[in-house]
Amino acid sequence: MNMDDLKLSCHELSLPVTEKCNPISRDIDRVNGKQMVQILRRCDAEIFEKKDHDPFHQRLYSSAVIQTMVDVAKRVEMMLRDPEESVIVLSGCGTSGRIAFLLTSFNEMMKAQKQKQICSYIIAGGDRAMLTSQEAPEDDPALGAHTLEKICAGKKHVLFIGISCGMSAPFVAGQLDFCLQHLDIFTPVLLGFNPVHMARSEPMQGCSFHFKDVAERMTAEQRHEKAFVLNPVLGAEAISGSSRMKGGSATKIILESILLAGHEAAFRGKRTTPECISGWITASEMVYETTYSHSDELAALIHQAGESLRMKAHVYYIGWGTLGIIGLTDASECVPTYGADFDDIRGFINNGFREMKNKEGDLSCLGPEFVIGHKDFVDTILPSLSQNDMVLFLFAVNDDLHEVTALADQVRRRTSNLHAIAHDLEKFTIPETVCNMFGTILRITWPFSSEEVNSVVMRQRWELSTKWCLNAISTGAHVLKGKVYMNYMIDLRVSNSKLYTRAINILQRFTGCSKSECVRALLRAIYSTEDLSEDMTSADVWKHTDAANRRDRVVPTALVMIQCGCTLTEARHHLDCHPVIRDAVNACFNSSKTKSTVD
Ligand code: F6P
């Protein structure tokens, strides 16, 4: 190993698991759709990896993790037995908040039992964050605590589940800290996917403590069963740091298992045991196996979506019920993850906000990103739909198939680029006439009985399966468009402190330069200057992210400046000559290699 390689692996070792580069997907930017599906399949398999493969970390199936899930499920049971005085709050930022919202469909199970619906969600930035990226509130611990306090006013028992995949979001840390100060009312649970010692230890706005402090205090309280930390390791994400993928899926799997186990105990007298929790996880593993067994159709959909994006056309997800929410979520994540335009990949749901049942109601007046109903699709998109645009329907056998057929018919009159992901049951299948309306149909026939057809459990499995498919499609399409270099999204928007740290790590990773050199280059790109003033270099990270949020291509610009030893203007010119980020980075590495050979 030479010195550069050594420096590189030391740097990689210093990163928390959720920020590491996954060796499985290192070459994801150089493979075709079929190979991409296999790479994603192997990365997702790590969610279910047994502990014997990884002696260093606790995994999802580790007995300590399962036991914590049992303990938390028992708290859920207690809340359900005393619904008047209790509330279960799920909270997170970005995807973690969106999953929190989705999980409140658990209320449907209580409604069916004529019970009070006690599940509530918080997403940093409010309901608008469900469809657009609101990165700044994520950095605000006081806002997190205040929002939680408001929602729990008057309750005697609160089970608070704070989700932060990277164990890093100050918004969630503020909430957990608030709970720790009021343990007579609150039982806090931290859900994340790093060991506690890897939780973030950078300062937080207006706080004397950081995330890691909170995680350690939580661990200490766990000994008295006053707080719980659920932090199995899942392995690195397929696109480094993109916690919407494995992190989001595992959040859904873990919390659904806990909520269902608590529900079974409260209403069916079924005691929560480690075996029943492992049983729920194994059911999700079966969903994983079944979904990826359709790899040919998935590869075809990735290819198709990649073609649409490459031609600067669009991908539209047209979903029904909660599958529509999965579509909206996946689409909205492409903006912050890949710097996509909001209409590159867009989601629509039947009945718009009425179907979402979000707390703040109809947000359509906030702008075009919030126009989400099928009717809106028909009125505003359909008239100008082209053959290059891909339309992907997301539905299940118990959705209104007349509505599906009628809308598919309308779309087919404009384009044949119409496909579907559809779920049905062995004893209750979607008629062939419906299936034949789509070019590629990824149809999964699940081996469950027809009595389960309306059950929330069945729907949750379809949601998870659809999430895996859409994550693969939108990730694959952006990789094919050239947005990713190796398995790094280099052109990230540096819009909060976590992303600022990730930007510096990426620069260190690719240039081998010291942290201070990388910080300087990044600040030059952020403030668009060759001469950094004292004011700029001494400003805090929130000032940097505020400025960076208004500027494009900051990380690629800094990377080219360091790698080619050039000025800001030269770096920008280089990027203008290569609009595809992967080509720009490749060319920059090639030219610096040639330069050093000549030198
Ligand atoms: O800041 C953006 C982001 O990285 C989102 O992409 C992500 O969903 C969110 O933060 C939450 O991350 P975490 O669950 O690690 O707190």
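Only heavy atoms go into these numbers, but all of them, side chains included; no hydrogens, no water, no symmetry mates. Counting starts at 1 for both ligands and their atoms, following the listed order. Being a predicted model, the structure only gives us computed values, none of them experimental.
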(message) Ring-plane angle category for Phe178 and His182, please: parallel below 30°, perpendicular beyond 60°, tilted otherwise.
(response) tilted

(message) If the threshold is 4.0 Å, N to carboxylate O, is there a salt bridge linking Glu237 and Lys246?
(response) no

(request) Indicate yes or no: at least one non-hydrogen side-chain atom of Gln460 is less than 4.5 angstrom from one of Lys252. (result) yes

Atom pairs and distances, donor-acceptor, side-chain atoms in residues 189-197, under 3.5 Å, two or more places apart:
from	atom 1	to	atom 2	distance (Å)
Asn194	OD1	Val17	N	3.0
Asn194	OD1	Thr18	N	3.1
Asn194	ND2	Thr18	OG1	2.8
Asn194	ND2	Gly166	O	3.2

Go ahead and list the nitrogen or oxygen contacts between ligand 1 and the protein that come in under 3.5 Å, distances to 0.1 Å, or just say none.
from	atom 1	to	atom 2	distance (Å)
ligand 1	1 (O)	Glu135	OE1	3.0
ligand 1	1 (O)	Glu138	OE1	2.9
ligand 1	1 (O)	Glu138	OE2	3.2
ligand 1	1 (O)	Asn496	ND2	2.8
ligand 1	4 (O)	Lys498	NZ	2.7
ligand 1	8 (O)	Thr95	N	2.8
ligand 1	8 (O)	Thr95	OG1	3.3
ligand 1	10 (O)	Glu138	OE1	3.2
ligand 1	10 (O)	Glu138	OE2	3.3
ligand 1	10 (O)	Lys498	NZ	2.9
ligand 1	12 (O)	Lys498	NZ	3.0
ligand 1	14 (O)	Ser96	OG	2.6
ligand 1	14 (O)	Cys165	N	2.8
ligand 1	15 (O)	Cys165	N	3.2
ligand 1	15 (O)	Gly166	N	2.8
ligand 1	16 (O)	Ser164	OG	2.7

(request) Classify the side-chain pair Arg41/Thr291 by whether it contains a donor and acceptor separated by less than 3.5 Å. (result) no

(message) Can you confirm whether more than 12 heavy atoms, excluding those of Lys359, are under 6.0 Å from its NZ atom?
(response) yes

